[in-house]
Amino acid sequence: MERPPFKLCVVLPCYNEAGVITHTVHTLLGELDSMATAGLIATDSYLCCVDDGSRDTTWSEISELARAHGNVRGIKLSANFGHPNALIAGLFSNHREADILVTIDADLQDDVSVLTTMMQHHHEGKRVVYGVRLDRQVDVLPKRILAAMFYRIMRLMNDRTVRGHADFRSADSGVIADLERFGEANIYLRGLFPLIGYPSAEVHFVRKERHAGESKYPYRKLLSLAWQGITSFSTAPLKFVFYTGLVIFVLAILVGCWVLYAALSGDPIEGWASLSLLVIAFSALNMISLGVIGEYIGKIYKEVKHRPRYIIETTTTT
Ligand code: UDP
Ligand code: MG
C-alpha cells in the first residue's frame, strides 16, 4: 500500500434499531478487524452509533456495546431529527479525529464486504466512494417504480445524481469538512456529495433484506424524501410553473379570440360549458403554481431561522 493505514470511523444512524444494532456492531467489528489485519485501516478505527431519538432500548444497547468494546462509541440525540441529520451529527462529531468516514444503515441492508474495496479506492487517491445498489430486487414493485421515476426526474434537473446510491458511502475527513460548510437546513446528502466534487469511485453491491425490525421509510416518508431531493436541489419546478403559465397564456389568447368570434356571430350562451371548464383548468393551474412556490418559500423560511440541525444529548465516554 502506498499510504499508511487510515483511521476509519463508521457512522451508523439508529432509530428504533434495538433488534439489530448488537448484531450489526459485531459484524462491523469483524470487518474492521480483517481490514486492519490487511493493513488497509488503522487498529484504532472505530464505530460511532448515532441514536436518533429512539423510543426503544437502542440507546441502552449502544451504551452496553460501548462499554464492552473499546472501539464502539455512541452519540444520543435529544429527539428524532431524521436520518440525514443523524448522519451529519455522526460525521461532524468525528471528522476531526478520523481520516475516512463511512456512513451505513444500522440494519445492514448494505453489503459490508465492499468496505474493503472502498478503502482500496481511498488508498488509490479517491476521496469519495459511493455504494451503489446493483438492483432493487429486495424492494417491492411500487417502490422500484417510484425510485426509477425519481432518478429520471433528478437526472433531468441535475446530472450529477448517482443512480442507485443511497447513504452508504465513504469520504475522507477533508470532504466532510467541506460538507460542514453547507449550512442548509434542508440537507439532501445524496445530492451534496456529487456537488462537492473531487475524484470519486463507485462500488457495486446487491442490497439485502433488513436483518431485523421494520423499515422506517414508509411511502409517505419516501415521497417526502423525493420531494425534498427535488426542491432542495433545483428551482426547475419554479421554471416549469412559469413556462406552463406562459403556454396557457398563449392558449388563453387563442381561446379568447374564439370566444369573441362566437359572441359576435350570435348565440353566446352555448359557450358556457367550455368557459366553466377553462375556469376550472386555470384555478387548478393557479393552485399548483402557488403550491410549488409555497414549497420554496417554506424552505426559505426554514433556512432563515438557522435552527440547529441536531442536538446531542449525551455521548458514551471514551
Ligand atoms: N433512521 C434514522 N432516523 C429516522 C429514520 C431512520 O436514523 O428518523 C435510520 C434507521 O435506523 C436506519 C437508516 O436510517 O439505520 C435507514 O432507515 P430504514 O432502514 O428504515 O430505511 P429503508 O432501508 O427501509 O429505506
Ligand atoms: Mg433499511
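In listed order, ligands and their atoms are each counted from 1.
- The protein non-hydrogen atom at the shortest distance from atom 20 (O) of ligand 1 is K216 N, 2.4 Å.
- In plain terms, the two heavy atoms of F168 and F205 that are nearest each other are CD2-CE2, 3.6 Å.
- Side-chain atoms of Y198 and D178 form a donor-acceptor pair, as typed in the model, at a separation below 3.5 Å.
- Sorted by first and then second residue, the side-chain hydrogen bond (donor to acceptor under 3.5 Å, both in side chains) pairs with a member in residues 188-197 read D167-R190; sequence neighbours excluded.
- In terms of protein heavy atoms, atom 1 (N) of ligand 1 is closest to Y15 CB, 3.7 Å.
- Atom CZ of F240 has 12 or fewer neighbouring heavy atoms from other residues, nucleotides or ligands inside a 6.0 Å radius.
- Y46 has its ring centre no less than 6.0 Å from the ring centre of H69.
- At the top of the distance list for atom 24 (O) of ligand 1, counting protein heavy atoms only, stands S215 OG, 2.5 Å.
- Of the charged side-chain nitrogens involved, none lies within less than 4.0 Å of a carboxylate oxygen, so that E303 and K299 do not count as a salt-bridged pair.
- Applying the salt bridge (charged side-chain N to carboxylate O under 4.0 Å, His left out) test to residues at least two apart or on different chains, the pairs with a partner in residues 30-48 are K7-D44.
- Scored by the salt bridge (Lys or Arg N to Asp or Glu O under 4.0 Å) test, E180 finds R96 as partners (sequence neighbours excluded).
- From the protein, the heavy atom lying nearest to atom 21 (O) of ligand 1 is Y217 CD1, 3.0 Å.
- If you check which protein heavy atom lies closest to atom 19 (O) of ligand 1, you get D107 OD2, 2.5 Å.
- Within ligand 1, the atoms closer than 4.0 Å to a non-hydrogen atom of G82 are 3 (N), 8 (O), numbered from 1 in the order shown.
- With hydrogens and angles disregarded, a donor-acceptor distance shorter than 3.5 Å links the side chain of R309 to the backbone of E184.
- Formation of a donor-acceptor pair under 3.5 Å by the N16 side chain with backbone atoms of R55 is found in this model.
- With hydrogens and angles disregarded, no donor-acceptor distance shorter than 3.5 Å links the side chain of T315 to the backbone of G74.
- Across the listed options N80, D52, D105, L12, D105 owns the non-hydrogen atom lying nearest to atom 13 (C) of ligand 1.
- Looking only at heavy atoms of the protein, atom 9 (C) of ligand 1 is closest to P13 O, 3.8 Å.
- Near E17, meaning under 4.0 Å from one of its heavy atoms, ligand 1 places the atoms 10 (C), 11 (O), 12 (C), 15 (O).
- The Mg ion (ligand 2) has D107 OD2, Q109 OE1 as its protein N, O or S neighbours under 2.8 Å.
- In this structure, S289 contributes its side chain and V241 its backbone to no donor-acceptor pair below 3.5 Å.
- Atoms of ligand 1 lying under 4.0 Å from any heavy atom of C14, numbered from 1 in the order shown and given with element: 7 (O), 11 (O).
- With respect to atom 18 (P) of ligand 1, the closest heavy atom belonging to the protein is R210 NH2, 3.5 Å.
- Counting the atoms of ligand 1 from 1 in the order shown, those under 4.0 Å from a heavy atom of A106 are 15 (O).
- Polar contact with ligand 1: absent for A86 (N/O pair, distance under 3.5 Å).
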